[in-house]
> 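Can you read through this structure? Questions will come right after.
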Amino acid sequence: MSPQLLRVQNFNVSGDGFGAGDDQTFERPFGHADPRVLMAWCGETASWLMRSEPGGSRGIDDYLVRDYARNIGAEIMGRGKFGPQKGAWEDHEWQGWWGDEPPFHTPVFVMTHHTRPEITLSDTTFHFVDDDPATVLAQAREAAQGKDVRLGGGATTIREFLDADLVDTLHVAVSPGIKLGSGSRLWESPDELRDRFHVDVVPSPGGSVVHYLAWRK
């Protein structure tokens with residue numbers, strides 16, 4: 001049986017390493033960063049789920065968009081990816097950014113110091129867990145039933161799992177022309193990966209991003 005990998009998939013950062021900006025709100029999930037710009041390369045592909053018209057690019061960008069859901073049985077995310085509330089939950093009506101049909105279609109483990117009852121929306125169940133990265137990963141692997149686990153972000157959560165040496169593969173799309181200056185930072189430089197990972201660097205054919213593809217040595 002193949003090992004269950006912990007995978008970072010299609011995570012987008014600015015040229016200075018930030019996955020999101022400051023001042024996250026209900027209206028601005030990425031703070032002062034504009035996700036339409038950071039993730040523009042995804043929207044240009046033929047396989048983008050929200051594409052409303054035929055067409056779109058093929059090649060490496062499209063392959064990476066299609067690979068997002070391949071063999072994923074569970075997801076781990078930080079609380080900031082689920083919503084903008086901090087501290088104790090004041091609004092239990094909030095059920096995430098995604099409405100009644102979240103795009104995950106798997107169990108999702110939301111890391112938070114303030115737990116709450118699980119939520120099931122369509123075929124996605126959100127579990128709110130207050131544990132260390134290794135314990136949460138063990139829970140997610142059990143729920144994934146032999147499939148891989150995706151580490152969805154944000155940058156602070158990915159950093160926690162990298163620092164705990166738990167990540168097996170990463171795909172990070174870097175937008176070199178965008179500088180955020182502050183926010184939630186994944187790295188100072190992608191060269192930080194090279195002590196533990198093999199790294200391939202592949203420019204997007206569209207030119208807007210550079211793909212960093214890393215796998216454990």
Side-chain angles (χ1 to χ4, degrees), residues 4-12 19-21 23-31 33-36 38-40 42-43 45 47-52 64-158 160-161 166-167 170-171 173 184:
Q4 285 180 283
L5 302 178
L6 180 62
R7 295 157 52 191
V8 175
Q9 299 284 108
N10 295 5
F11 192 75
N12 298 266
D23 303 320
Q24 182 190 47
T25 66
F26 286 103
E27 294 76 22
R28 296 187 64 86
F30 285 75
D34 187 343
R36 295 170 298 179
L38 276 177
M39 302 179 65
C42 295
T45 65
S47 300
W48 181 236
L49 289 176
M50 289 181 282
R51 172 169 293 283
S52 58
L64 290 168
V65 168
R66 284 186 284 115
D67 193 53
Y68 180 76
R70 177 186 58 82
N71 198 45
I72 295 295
E75 165 140 348
I76 298 169
M77 67 174 65
R79 180 169 170 178
K81 181 174 177 178
F82 181 78
Q85 298 182 62
K86 311 297 183 187
W89 294 93
E90 297 178 0
D91 180 9
H92 277 244
E93 296 299 313
W94 175 258
Q95 297 186 326
W97 306 106
W98 307 279
D100 294 334
E101 296 283 344
F104 306 103
H105 313 295
T106 67
V108 175
F109 292 82
V110 181
M111 296 181 68
T112 173
H113 294 305
H114 301 271
T115 59
R116 57 181 282 185
E118 66 183 40
I119 300 169
T120 298
L121 298 167
S122 185
D123 56 356
T124 298
T125 297
F126 293 96
H127 305 271
F128 300 87
V129 292
D130 182 13
D131 286 300
D132 62 275
T135 301
V136 174
L137 178 56
Q139 295 171 6
R141 280 182 166 149
E142 182 177 1
Q145 298 182 343
K147 292 184 177 181
D148 293 339
V149 176
R150 181 170 53 232
L151 182 57
T156 302
T157 300
I158 293 174
E160 286 182 32
F161 280 79
L166 296 171
V167 179
L170 301 91
H171 163 228
S184 177

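When a residue number appears, it is its place in the shown sequence, counting from 1.
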> Would you call the rings of Trp98 and Phe126 parallel, tilted or perpendicular if under 30° counts as parallel and over 60° as perpendicular?
parallel
> Below 4.5 Å, heavy atoms only, C-beta onward: do Phe128 and Ile119 meet side chain to side chain?
yes
> Around atom CG of Asp100, are there more than 12 heavy atoms from other residues, nucleotides or ligands closer than 6.0 Å?
no
> Give me the one residue out of Lys81, Arg7, Lys147 that meets salt bridge (charged side-chain N to carboxylate O under 4.0 Å, His left out) with Glu75.
Lys81
> For atom CG of Asn71, is the number of surrounding heavy atoms from other residues, nucleotides or ligands below 6.0 Å larger than 12?
yes
> Give the minimum heavy-atom separation between Trp94 and Gly83, together with the two atoms involved.
NE1-CA, 3.4 Å
> Looking only at heavy atoms, what is the nearest atom pair of Leu38 and Gly19, with distance?
CD1-O, 4.1 Å
> How close do Pro133 and Phe161 get, counting heavy atoms only, and between which atoms?
O-CE2, 3.4 Å
> Thr156 versus Ser184: any side-chain heavy-atom pair under 4.5 Å?
yes
> How far apart are the closest heavy atoms of Trp89 and His114, and which atoms are they?
NE1-O, 2.5 Å
> I need the Leu166 CG to Leu151 CG distance, nearest 0.5 Å.
9.5 Å
> Can you check whether Asn10's main-chain N or O pairs, donor with acceptor, with Asn12's side chain at less than 3.5 Å?
yes
> Would you call Ile76 and Met111 a side-chain contact if the rule is heavy atoms closer than 4.5 Å?
yes
> For residues Ala74 and Thr106, report the shortest heavy-atom separation together with the two atoms involved.
CA-OG1, 3.6 Å
> Counting only N and O atoms by type, is there a donor-acceptor contact under 3.5 Å from the side chain of Gln4 to the main-chain atoms of Asp148?
no
> Is there any side chain to side chain donor-acceptor pair (under 3.5 Å) pair reaching into residues 120-138, and which pairs are they, with sequence neighbours excluded?
Glu101-Ser122, His105-Asp123, His113-Asp130, Glu118-His127, Thr120-Thr125, Asp131-Gln139, Asp132-Thr135
> What are the two closest non-hydrogen atoms of Ala140 and Phe109, and how far apart are they?
CA-CE1, 3.6 Å
> Is the backbone N or O of Gln9 less than 3.5 Å from a side-chain atom of Arg150, with the two atoms forming a donor-acceptor pair by type?
no
> Within the 4.5 Å heavy-atom criterion, are His92 and Pro117 side-chain neighbours or not?
yes
> So do the side chains of Gln85 and Arg79 get within less than 4.5 Å of each other, counting heavy atoms only?
yes
